[in-house]
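The structure appears below as structure tokens.
Residue numbers count from 1 along this sequence.
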Amino acid sequence: MALNTSAESPLPVGEVSRLIGGWIDRLGAVWVEGQITQLSRRPGAGVVFLTLRDPSHDISVGVTCYRQVFDAVADVVSEGARVVVLAKPEWYAPRGQLSLRAAEIRPVGVGELLARLEQLKKTLAREGLFAPERKKPLPFLPQLVGLVCGRSSAAERDVLENARHRWPAVRFEVRNVAVQGVHAVPQVVQAVKELDAIGDVDVIIVARGGGSVEDLLPFSDEQLIRTVSQCRTPVVSAIGHEPDNPLLDHVADLRASTPTDAAKKVVPDVGEEYERVRLLRDRARRCVAALVEREERGLAHALARPSIQDPHRMIDERAGHVADLLDRGRRCLRHQLDRADSELTHTHARVVALSPAATLKRGYAVLQKADGHAVRDPGEVEAGEALRARVSEGEFSVRVDA
């Protein structure tokens, strides 16, 4: 419960320490997991001192236990080992120091570690951190490569030498960190964040040589996995050898089987690129030459056609054909006119021969009454009636005699 204190009525340090001890005593025994960073077994001492550290955070706590408790696991537990401890928190009031009194220590076996990693892998996969669509493509020619590796390690040497052998102009921004042990996770996380914040860094390589499952545990840490998943810069995982498969391989944008393989996948080989450019240039030349040759053949074929060699030939041929048709038309028209003229002359002669005028010229006359009606029957006229007689050369009056 809260205490009522003020500047005028403060609590003594001893009272505060006593109260803290009382609160901690009420916590009871708890199971704690961590990694042993310091181990002190003094000869003849009945108590063993060790430090238990959280690999994912910069937090440590001291642990004490009786020698017989530690001797039960002394053959399989050493500095760097991961253990599970049943301990009761204790508060040492004179120094104001918190520690754990261990009643039982159990080493975390490889099988148990792998089972936990598999469970963590499934959890992160469900969140989509390993999804292929999250993978970012690597640049074709990175100008500045970020490298996270151990100091003076074989992994650093392999990456730098192979990359510069392939492309001498490539530059590196190297961050040397602990790649195993309790300091590995925070240092690797910090290095990745620093490189990701540098705008000129085109790709980040996290490299480490081979090792046991315990040695590679930092690269399966959840904090590191989430940090890499949030990077804007493509990340390449080059941890261990081909069989090794930490969770970093799944979240990284590209997995390399070894640090050497990472250098080959990130940096192109200048000799290979020159050869590829030469092959493409030769291929382009052949394509252009084939295109020009094909067009030349087509042009020569077109120029060889009669219509191109003698463009007026078709016109001349058509002109002769038109002249022939014109002559034929004229002959046909003349023949038609001649036949029509002959038929007209023949018809005219018949008309003339059959006309009344021709009859009158032969001496006949036409008698017409006063109304112009021609007399065809003697009964049509009366005695003394005046008629008109029409002959070939004119007409005259006649009178009917009884």
Original post:
Is there a donor-acceptor pair closer than 3.5 Å between any side-chain N or O of R67 and the backbone N or O of A45?
Top reply: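 Checking the backbone N and O of A45 against the side chain of R67, a donor-acceptor pair under 3.5 Å is found.
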
Subject >> D269 (side chain) donor-acceptor with E272 (main chain) under 3.5 angstrom >> reply: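 Yes: the side chain of D269 pairs with the backbone of E272.
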
Original post:
How about Q230 and D196: does a side-chain donor come under 3.5 Å of a side-chain acceptor?
Top reply: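 Side chains of Q230 and D196: no pair found under 3.5 Å.
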
**OP:** Classify the side-chain pair S342/T345 by whether it contains a donor and acceptor separated by less than 3.5 Å.
**Re:** no

Subject >> Pairwise distance NE2(H250) to NZ(K121) - rounded to 0.5 angstrom >> reply: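 H250 atom NE2 to K121 atom NZ measures 3.5 Å (nearest 0.5 Å).
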
Is it true that [X] and [Y] make a salt bridge, defined as a side-chain N closer than 4.0 Å to a carboxylate O?
{"X": "D253", "Y": "K136", "answer": "yes"}
{"X": "K265", "Y": "D261", "answer": "yes"}
{"X": "R376", "Y": "E380", "answer": "no"}
{"X": "E173", "Y": "R171", "answer": "no"}
{"X": "E127", "Y": "R226", "answer": "yes"}

Original post:
Can you tell which of V201, D202, V203 makes a side-chain contact (heavy atoms from CB on, under 4.5 Å) with Q143?
Top reply: D202

**OP:** Pick out which of L247, D249, V179 makes a side-chain contact (heavy atoms from CB on, under 4.5 Å) with F219.
**Re:**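 For F219, the side-chain contact (heavy atoms from CB on, under 4.5 Å) check succeeds only for V179.
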
**OP:** Could you pull out all residues at least two apart from Q180 that satisfy side-chain hydrogen bond (donor to acceptor under 3.5 Å, both in side chains)?
**Re:**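 Here the qualifying residues are R208.
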
**OP:** Just jot down the side-chain hydrogen bond (donor to acceptor under 3.5 Å, both in side chains) partners of R305, sequence neighbours excluded, or say none.
**Re:**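 R305 satisfies side-chain hydrogen bond (donor to acceptor under 3.5 Å, both in side chains) with no other residue.
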
**OP:** Sequence neighbours left out, what passes ring-ring contact (aromatic ring centres under 6.0 Å, His included) with F70? Give chain and number order.
**Re:**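 Counting only residues at least two positions away or on another chain, F70 forms no ring-ring contact (aromatic ring centres under 6.0 Å, His included).
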
**OP:** Measure from NZ or CZ of R101 to the centre of the six-membered ring of Y66, then state whether that distance is under 6.0 Å and the direction lies within 45° of the axis.
**Re:**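 Ring-cation test returns yes.
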
